[in-house]
Undergrad: 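I'd like to ask you about the structure that follows.
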Amino acid sequence: MELSETHKLPARTHTGAWRRWVAGGLLVAVVLWAFTGMPALAIKPNAQRIGGAIIAGIFHPDWSYVYTGDGEDLVSTLLQTVAIAFAGTFISAIVSLPFAFWAARGKHKFWLVSRSGKFLLTAIRTFPEIVLALMFIKAVGPSAFAGVLAVGFHSVGMLAKLFSEAIENLDNGAGEAVTAAGGTHLDTTMLATIPQLLPEFVSNTLYRFELAIRSASILGIVGAGGVGTPLIFAISSRAWSRVGIILLGIVIMVTLVDFISGTVRKRLV
Amino acid sequence: MEMSEHTQPRPTPPAAPQLPKKPFAWERLAVTVLMIGGLVWSGVETQVNVGQFVANFGQFTQILAEMCRPDWSYVSYVVAPLIETIKMAVIGTAIGAGIAFPYAFLVSRNVVTNRFVTGLFRFILNIIRTIPDLLLAALFVAVVGIGPVAGIITLAIFTFGMVGKLFFEAVETIDEGPIEALRAAGANQWEIVRYAVVPQVMGFFVSYTLYAFEINVRASTVLGYVGAGGIGVFLQQNLGQFRYDRVSLMVLVIFAVVLVIDYVSSKTREALL
Amino acid sequence: MTVAQKEPIIQFTQVNKVYENGTVGLKDIDLTIYPGEFVVVIGLSGAGKSTLMRSVNRLHDITSGDIQIGGRSITQAKGKELLSMRREIGMIFQNFNLVKRATVLRNVLTGRVGYYPTWKMLLGMFSAADKQKAYESLQRVELADKVYARADELSGGQQQRVSIARALTQEPRIILADEPIASLDPQTTHRVMDDLKKINEELGITVLINLHSVELAKEYGSRIVGIRAGHKVFDGPVASADDETIAAIYSGADTEKVGA
């Protein structure tokens, strides 16, 4: 806005503003469109009763389920969930390394190389974990191991991407110093590249672990181990107080893992 | 190891003291032990069996082989549920972000000074954020029945948790100057939020909401697996019937849609900011 | 100060460097440096000072000409020979180029890399004797007490002195210093320059350094080389570099003047 010749307030200049109005208007139109033709916005008639029952169940959790010693109880399945996430993330961190170097820009003369690596990683990320879990169940049977494989495979897509970004952002001064001192290419990798990348990699892996915990707790829905299995049984048999205790367990587990992993990550950087 | 080869004279400083012993790195040892222990434990706990995996790898490659021949004729069946999925994501994002907007101010310590209020509402927000989306979907299917409504509620809650967290962190890091200026001019709490806080954070809000939308489109494709509407219902059916040619087609279609949505979303962000 | 000996330690013969994008880095450079000299290269940014430095240890390959180190051509050297020639040339960088999250000792030991087979480096196996050597280098730059500190805990000046210690641990005959003080404040600048001078005088290591500051060049150098747009436009003892000559190096009056 510029001052005009008189004391009158000049009209607001509209350059650029129209774009916002168009975009904003389109946004509203899209939301309205989404509501059209939604076939069954109807809710089950007894929804209120069930909702009430669930809330009642959450506030009266089935404490007896916490530990029974038969391996099917809450503590055991939660531990299994953590194990699935841990093993899956750990494996994927190792598998991700070569993919990361493949996808990192600036490492290759031909842009096609890194581009194809990036494309592959995006494709891996697109596969929903549930689908992967079912595919692995076909291969190794319904077990926690299938969950590990599903989490691990999916994680490669994300971890390798994060790793490759870390490689791209690496300041290679220290590597130059090793070369100048008479080091080979491999020496440079061992003495400069890896020590610089390792903290970044560990931090990314921990972050991925936080997400994997959430995935691992639902994979049981399809039979890939963890706390998801008893949960889906409890929901389908309408044992709401058991659903309550399982929910409570998941909330506590995820909060704990987030807290520990977050603390370690803060110390790393 | 052989020492220097050339004959450069190199006088050592007089009476060079010995290199002191390195202080023991407890932390590193602890982390290493924890990592190895964790790996062994998790491997035993989940019965990781590489031999079995290798032995049955043929099964897996067979699935992959089937996936390499997507059933293109299935596309026409996929379009309608795909549109439903996108609609679910749009509505869920709109509702979730709409609730998250005022809520974020409620938990920002520079807007609401009452520590008890911010603490309590933050606690609720954090708990909501810990629950995985599919789990919420399974619960809401049980409550409201099979169909997109359960999916919409799930996505709304999921969006609320994500946008709420990101947005309140943005609100808390704004420039305090304008707030002080308005307070000095005698503005009340509402006027401060309207004229000093909102203008500073509106861009963040738009950006986070679009980001949530991108994630919701991905998430909504699997919600149908537990009955919460959208393309996931079909995904479940075909997986159940081992129709991997159709599964791979759906994954391809989802991939394409996700790419398009990401592009449109980033363009919208540019236009709005 | 330095008596020019017969055998040159660095010899540039008609060196040219043209970058892939066509930029001329160095043009017909002839330069002879004798053991024990403290040679300061001056010139504008982008004149080719850094290129000159990096062609000595072949961090940059030259386009034509020949560079000899102690009578052996580094331009022709291949594989192991190149690596063993590099370990006789220490290098100090503007941005220190330390592994920030590693300990000072580990960084200094890196200087020994050229003396080990790669498989030992894969396991990080440095001998006790080399660790002691690294510690002695740290004493020389008076940072012995920081031996187990992480590099990023140190100030900029201290980090640069760690990188001097790293170069020393290499037991080089030559030290190249590429703008070693450009990232430092005035006080630490003198500290670093004093260390380099001490190394030059006490250990007889030849120093080739490029600097922005003419004052520092005159204060510390024994000989000045002026570079302008890839050409060597001045070469002579510090005493012969008068204000007019300096101005010519930095401005662009085309008076090629080679001092005695």
Side-chain angles (χ1 to χ4, degrees), chain A residues 19-20 22-24 26-27 30-31 33-35 38-44 47 50-51 54 79-80 82-84 86-87 90 122-123 126-128 130-131 134-136 138-140 143-145 147-149 214-215 217-218 221-222 225 228 231-232 235-236 238 243 247 250-251 254-255 258, chain B residues 31 35 38-39 41-49 52-53 56-60 63-64 84 86-91 94 126-127 129-135 138-139 141-145 147-149 152 218 221-222 225-226 232 235-236 239 242 244 247 251 254-255 258-259 268 271-272:
Chain A
R19 285 179 71 188
R20 279 197 205 186
V22 170
L26 277 177
L27 225 54
V30 166
V31 174
W33 163 78
F35 276 102
M38 260 299 170
L41 283 183
I43 293 176
K44 254 190 344 190
I50 298 175
I54 290 178
L79 281 177
Q80 195 183 44
V82 176
I84 291 171
F86 191 92
F90 204 103
T122 315
T126 314
F127 265 83
I130 287 274
V131 176
L134 282 160
M135 286 166 66
F136 283 117
K138 192 96 192 309
V140 300
S143 60
F145 182 36
V148 172
L149 291 171
R214 290 167 168 84
S215 309
S217 53
I218 54 171
I221 291 177
V222 296
L231 180 75
I232 203 78
I235 290 177
S236 54
R238 310 194 170 280
V243 172
L247 271 179
I250 292 177
V251 166
V254 173
T255 308
D258 280 5
Chain B
V31 169
M35 277 292 156
L39 187 64
W41 166 74
S42 65
V44 171
E45 176 76 30
T46 59
Q47 293 161 337
V48 166
N49 187 336
Q52 189 193 13
F53 179 57
N56 291 343
F57 198 73
Q59 284 271 10
F60 190 68
I63 295 175
L64 282 181
E84 186 181 72
I86 296 171
K87 284 182 172 178
M88 276 164 54
V90 170
I91 300 174
N126 280 332
I127 285 191
R129 279 169 36 78
T130 58
I131 306 175
D133 49 358
L134 258 183
L135 201 163
L139 273 179
V141 166
V143 177
V144 301
V149 177
I152 290 171
R218 282 163 228 253
T221 56
V222 291
Y225 196 88
V226 292
L235 205 57
Q236 192 233 3
L239 278 164
F242 308 118
Y244 292 107
V247 171
V251 171
I254 291 170
F255 185 35
V258 163
L259 285 183
T268 313
L272 282 173

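Just so we're on the same page: letters track the sequence lines, and every chain starts at 1. The analysis underlying the following values was restricted to heavy atoms, covering all of them including side chains, and did not include hydrogens, waters or symmetry mates.
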Undergrad: Residues in salt bridge (charged side-chain N to carboxylate O under 4.0 Å, His left out) with B:Arg129, at least two apart?
TA: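 Salt bridge (charged side-chain N to carboxylate O under 4.0 Å, His left out) list for B:Arg129, sorted by chain: empty.
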Undergrad: Select one option (side chain, backbone, both, neither) describing which atoms of A:Ser236 are under 4.5 Å from chain B's heavy atoms.
TA: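 The answer is neither part of A:Ser236.
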Undergrad: Measure distances from B:Ala94 to the heavy atoms of chain A and classify the residue's part below 4.5 Å as side chain, backbone, both or neither.
TA: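 B:Ala94 touches chain A through side-chain heavy atoms alone.
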Undergrad: Mark yes or no for whether B:Gln52, through its side chain, and A:Val140, through its backbone, hold a donor-acceptor pair below 3.5 Å.
TA: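 Yes: the side chain of B:Gln52 pairs with the backbone of A:Val140.
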Undergrad: Is A:Ile54 in contact with chain B via its backbone, its side chain, both, or neither, using a 4.5 Å heavy-atom distance?
TA: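 For A:Ile54, the side chain is the part near chain B, not the backbone.
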Undergrad: With heavy-atom distances below 4.5 Å as the criterion, would you say the side chains of A:Phe86 and B:Glu45 are in contact?
TA: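 No, side chains not in contact.
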Undergrad: Picking from B:Thr268, B:Ile86, B:Leu139, which has the most non-hydrogen pairs under 4.5 angstrom with chain A?
TA: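 Max contact count across the listed options: B:Leu139.
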Undergrad: Can you tell which part of B:Leu135 gets under 4.5 Å to a heavy atom of chain A, answering side chain, backbone, both or neither?
TA: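 Both parts, backbone and side chain.
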Undergrad: What part of B:Val226 is in contact with chain A, defined as an atom under 4.5 angstrom from a non-hydrogen atom: side chain, backbone, both or neither?
TA: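 The answer is the side chain of B:Val226.
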Undergrad: Using non-hydrogen atoms only, which part of B:Val258 is less than 4.5 Å away from chain A: side chain, backbone, both, or neither?
TA: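 Looking at B:Val258, nothing touches chain A.
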Undergrad: Chain A heavy atoms under 4.5 Å from B:Val247: which part of the residue, side chain, backbone, both or neither?
TA: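 The side chain, not the backbone.
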Undergrad: In sequence, state the C-alpha distance, the side-chain angles, and the governing distance for A:Val131 and B:Tyr225, and then conclude on side-chain contact (heavy atoms from CB on, under 4.5 Å).
TA: CA-CA 10 Å; A:Val131 176; B:Tyr225 196 88; over 6 Å; no
Undergrad: As an exercise, state the distance from CG of B:Leu134 to CZ of A:Arg214, rounded to the nearest 0.5 Å.
TA: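 It comes to 14.0 Å.
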Undergrad: Cation-pi check for A:Phe35 against B:Lys87: NZ or CZ below 6.0 Å from the six-membered ring centre and within 45 degrees of the axis, yes or no?
TA: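 Pair B:Lys87/A:Phe35 does not count as cation-pi.
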Undergrad: Considering only heavy atoms and a distance below 4.5 Å, find which of B:Ile131, B:Leu239, B:Val141 pairs most often with chain A.
TA: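 Among B:Ile131, B:Leu239, B:Val141, the one with the most close pairs to chain A is B:Leu239.
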Undergrad: The criterion is ring pair (Phe, Tyr, Trp, His ring centres under 6.0 Å); which residues satisfy it with B:Phe60, sequence neighbours excluded?
TA: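 For B:Phe60, the residues satisfying ring pair (Phe, Tyr, Trp, His ring centres under 6.0 Å) (neighbours in sequence not counted) are A:Phe136, B:Phe57.
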